[in-house]
Amino acid sequence: MKQIIITIFIIFWVANFKSYAQNDINCDSITVTTDYKTDSLINFVFEKWYSVDFRLLLKKYKIEKFNCSGGCEGVYAEIQFFVDNLGKIQSLKVLHGSKCDEPFDEKFTADFIQSFNSLIFPESLRNNCYKRHLGRHLKC
């Protein structure tokens with residue numbers, strides 16, 4: 001009985017380790033084309049990011065508001081990401097990013113990616129790659 005429990009534990013540990021070890025998933029060829037229902041679910045998850053994490057990120061970089069008169073017109077990015085079997089973003093790539101009309105620097109990119117750590121995606125969105133345009137930008 002003890003060997004069975006140990007074997008089950010090892011299998012469970014290896015399965016979880018494999019899930020966490022695949023940080024470099026290539027989404028280029030497997031990004032899911034989304035329908036209205038999938039888009040709605042993804043948007044629902046990202047609303048939490050906009051209302052909490054995105055605001056904290058802007059505050060950290062002292063971006064208080066967007067304006068067209070010489071200030072900051074916006075912060076936005078196109079990202080590609082993989083949602084693992086636990087509903088967490090396991091791999092995220094910034095395809096294009098702009099912070100106040102300048103490309104993301106390394107520190108901002110790292111903080112931007114870190115800001116997604118608290119998100120949990122529903123089961124129907126797991127184990128897939130997605131592409132999204134996120135952020136806020138004024139049309140000046």
Side-chain angles (χ1 to χ4, degrees):
M1 181 68 166
K2 187 176 180 181
Q3 285 181 334
I4 293 172
I5 292 173
I6 291 173
T7 304
I8 291 172
F9 174 76
I10 290 172
I11 291 170
F12 179 75
W13 182 79
V14 168
N16 279 334
F17 179 76
K18 183 180 177 190
S19 141
Y20 287 111
Q22 297 175 341
N23 288 331
D24 233 5
I25 294 169
N26 183 357
C27 285
D28 293 339
S29 61
I30 56 172
T31 299
V32 173
T33 304
T34 58
D35 57 12
Y36 178 77
K37 183 179 178 183
T38 304
D39 279 341
S40 296
L41 286 170
I42 291 172
N43 290 341
F44 180 77
V45 172
F46 279 117
E47 282 305 313
K48 178 198 177 291
W49 178 77
Y50 278 116
S51 64
V52 178
D53 303 299
F54 186 62
R55 289 178 189 260
L56 290 173
L57 181 67
L58 295 178
K59 187 174 182 177
K60 179 177 181 175
Y61 284 87
K62 297 178 173 72
I63 302 170
E64 296 179 17
K65 64 181 183 175
F66 301 133
N67 64 58
C68 294
S69 57
C72 183
E73 292 179 10
V75 175
Y76 60 93
E78 184 176 8
I79 64 169
Q80 192 172 40
F81 59 97
F82 177 77
V83 178
D84 68 11
N85 62 337
L86 301 174
K88 303 284 280 174
I89 293 179
Q90 182 179 13
S91 173
L92 187 143
K93 181 179 178 182
V94 177
L95 303 174
H96 169 72
S98 177
K99 178 184 80 159
C100 303
D101 292 329
E102 296 289 327
F104 285 5
D105 59 30
E106 282 185 37
K107 182 166 176 23
F108 189 82
T109 299
D111 288 341
F112 184 79
I113 290 170
Q114 182 74 25
S115 73
F116 296 100
N117 283 347
S118 67
L119 299 182
I120 302 290
F121 288 80
E123 257 185 75
S124 62
L125 298 176
R126 296 179 183 179
N127 297 310
N128 284 309
C129 290
Y130 302 97
K131 198 182 275 190
R132 274 290 177 270
H133 186 89
L134 298 172
R136 300 284 190 243
H137 191 265
L138 299 175
K139 293 182 181 181
C140 298

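All figures in this text were calculated on a predicted structure; none of them were measured in a lab. By convention here, the first residue in the shown sequence is residue 1.
- Interatomic distance, CG of L86 versus CD1 of I120, reported as 8.0 Å (0.5 Å rounding).
- Distance check: I113 CD1 to L92 CG gives 5.5 Å after rounding to the nearest 0.5 Å.
- Taking the side chain to side chain donor-acceptor pair (under 3.5 Å) definition, one finds that E78 meets it with nothing, sequence neighbours left out.
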With a cut-off of 3.5 Å and sequence neighbours excluded, list every side-chain donor-acceptor pair involving residues 95-108.
| residue | atom | partner | partner atom | Å |
| --- | --- | --- | --- | --- |
| D105 | OD1 | K107 | N | 3.3 |
| D105 | OD1 | F108 | N | 2.7 |
| K107 | NZ | D111 | OD2 | 3.4 |

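- Considering W49, Y130, F46 as possible partners of F121, the one that fulfils the ring pair (Phe, Tyr, Trp, His ring centres under 6.0 Å) test is F46.
- Transitive grouping of hydrophobic side chains (ILVMFWY, heavy atoms separated by less than 4.5 Å) brings Y50 and V45 into a common cluster.
- For residues 64-77, there are no salt bridge (Lys or Arg N to Asp or Glu O under 4.0 Å) pairs, not counting sequence neighbours.
- Between I42 atom CD1 and N128 atom CG the span is 9.0 Å, to the nearest 0.5 Å.
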Check: residues 132-140 side-chain donor-acceptor pairs under 3.5 Å, at least two apart:
| residue | atom | partner | partner atom | Å |
| --- | --- | --- | --- | --- |
| R132 | NH2 | D39 | OD1 | 2.5 |

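- Nearest heavy-atom pair, D84 versus R126, reported as atom, atom and distance to 0.1 Å: O-CB, 3.3 Å.
- Between the CG atom of L58 and the SG atom of C72 there is a distance of 8.0 Å, given to the nearest 0.5 Å.
- Minimum heavy-atom separation, K88 to L119: CD-O, 3.7 Å.
- For the pair S40/N43, no side-chain contact is recorded, criterion being any heavy-atom separation below 4.5 Å from C-beta on.
- Across C129 and F82, no two heavy atoms sit closer than the pair SG-CD1, 3.6 Å.
- Under the salt bridge (Lys or Arg N to Asp or Glu O under 4.0 Å) criterion, R55 pairs with no residue at all, not counting sequence neighbours.
- Partners of D35 according to the side-chain contact (heavy atoms from CB on, under 4.5 Å) rule, which considers only residues two or more places apart in sequence or in another chain, are K37, T38.
- Separating the CD atom in Q114 from the OG1 atom in T109 is a distance of 13.0 Å, to the nearest 0.5 Å.
- Summarising the local packing, CZ of F44 is surrounded by 12 or fewer heavy atoms from other residues, nucleotides or ligands at distances under 6.0 Å.
- In this structure, the separation between CG on L57 and CZ on F112 is 7.5 Å, given to the nearest 0.5 Å.
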